[in-house]
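Just follow the structure's listing: the first ligand is 1, and inside any ligand the first atom is 1. Computed from heavy atoms alone, side chains included, the values below leave out hydrogens, waters and symmetry copies.
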Amino acid sequence: MTRLSVNINKIATLRNARGGNNPDVIKVAIDCERFGAQGITVHPRPDERHIRYKDVLMLRDVVTTEFNIEGYPDERYVNMMHEVKPGQATLVPDPPNAITSNAGWDTIKHAAFLRDIVQEIKSLGVRVSIFVDPSPRMVEGAIAVGADRVELYTEPYAVEYLVNKEIAIKPYIESAKVAHAGGIGVNAGHDLDLNNLKYLHQNIPHLDEVSIGHALVSDALYYGLENTIQLYLKQLKS
Ligand SMILES: CC(=O)[C@@H](O)[C@H](O)COP(=O)(O)O
Ligand SMILES: NCC(=O)COP(=O)(O)O
């Protein structure tokens, strides 16, 4: 079964736009779980443009499914892992000024750095996933540094899907097979939506989890949050 982890970054974006507490990020997370989400994902960036550190501390105390915290593993992020001990830590290579995540790790070039971080966070009892491009070589590098899972970066899939879905999915199938053969799990995320999710799920073997935020929150403006989560879950049932 592929689990749906709802990324609530964009709820915090809307909240921060007016400086108050509407929408209430904590209430939305609780409601997402009530509506069927099997995880909550956040990406507390250094500039706190959306999810803030205090949100993370409050979410720790209310999330009852799986709490997945994404981030660049700087001292701030690693200290957060020690304090929060979420179900999963997803390491992303984003520089502080990145508008969003736009690449996976070079797990070969940064092996020594990643190995130490993975070991430290795993010692806390936290599953570690490494955000990678759909490259068997990068997946092998993640296996080598001790990751529990990889998260396959799916923006390239989302773009190519509109042109040729058979070509789009190919590197993801290859990468998932390498991950499985290496004994690690497979997550996927970024720019997944109601148009491209079903084909991804039907074709990628061993897909443990998808984390979806931007499109899901945007869809919720038209369909409502409960209905939207149900629509995304339906794409994962086929
Ligand atoms: C790792 C990933 O692909 C997403 O979590 C992305 O980082 C979302 O970040 P923003 O919501 O800041 O665009
Ligand atoms: N890891 C991907 C994620 O959490 C959400 O990405 P997006 O759906 O907001 O592009």
Are Y222 and Y232 co-members of a hydrophobic cluster defined by side-chain heavy atoms under 4.5 Å apart? yes
What's the separation between atom CG in N196 and atom CG in L162, rounded to the nearest 0.5 Å? 7.5 Å
To the nearest 0.5 Å, what is the distance between CZ (F67) and CG (L59)? 4.5 Å
Considering only residues two or more places apart or on different chains, which pairs with a residue in residues 77-88 satisfy side-chain hydrogen bond (donor to acceptor under 3.5 Å, both in side chains)? Y53-E83, N68-Q88, H82-E120, Q88-R127, Q88-N187, Q88-E209
Can we say D208 and R3 salt-bridge, meaning some charged N sits less than 4.0 Å from an Asp/Glu carboxylate O? no
Could you pull out every protein residue that has a heavy atom closer than 4.0 Å to ligand 2, ordered by chain and then number? N7, T41, E70, E151, G189, H190, D191, S211, I212, G213, H214
Just list the N/O pairs, ligand 1 to protein, that are under 3.5 Å apart, with the distance for each.
from	atom 1	to	atom 2	distance (Å)
ligand 1	3 (O)	H190	ND1	2.6
ligand 1	5 (O)	N7	ND2	3.4
ligand 1	5 (O)	E70	OE1	2.3
ligand 1	7 (O)	H43	ND1	2.9
ligand 1	7 (O)	R45	NH2	2.9
ligand 1	7 (O)	S101	OG	2.5
ligand 1	9 (O)	R45	NH2	3.1
ligand 1	11 (O)	N9	ND2	2.8
ligand 1	11 (O)	K10	NZ	2.8
ligand 1	12 (O)	R45	NE	2.8
ligand 1	12 (O)	R45	NH2	3.4
ligand 1	12 (O)	H50	NE2	2.7
ligand 1	13 (O)	K10	NZ	3.4
ligand 1	13 (O)	T100	OG1	2.6

Under the rule for side chain to side chain donor-acceptor pair (under 3.5 Å), what residues qualify as partners of R137, not counting sequence neighbours? none
Could you check whether any side-chain heavy atom of H190 comes within less than 4.5 Å of a side-chain heavy atom of T100, counting everything from C-beta outward? yes
Side chain proximity check, T154 to V210, heavy atoms < 4.5 angstrom: no
Classify the ring geometry between H110 and W105 as parallel (under 30°), tilted (30 to 60°) or perpendicular (over 60°). perpendicular
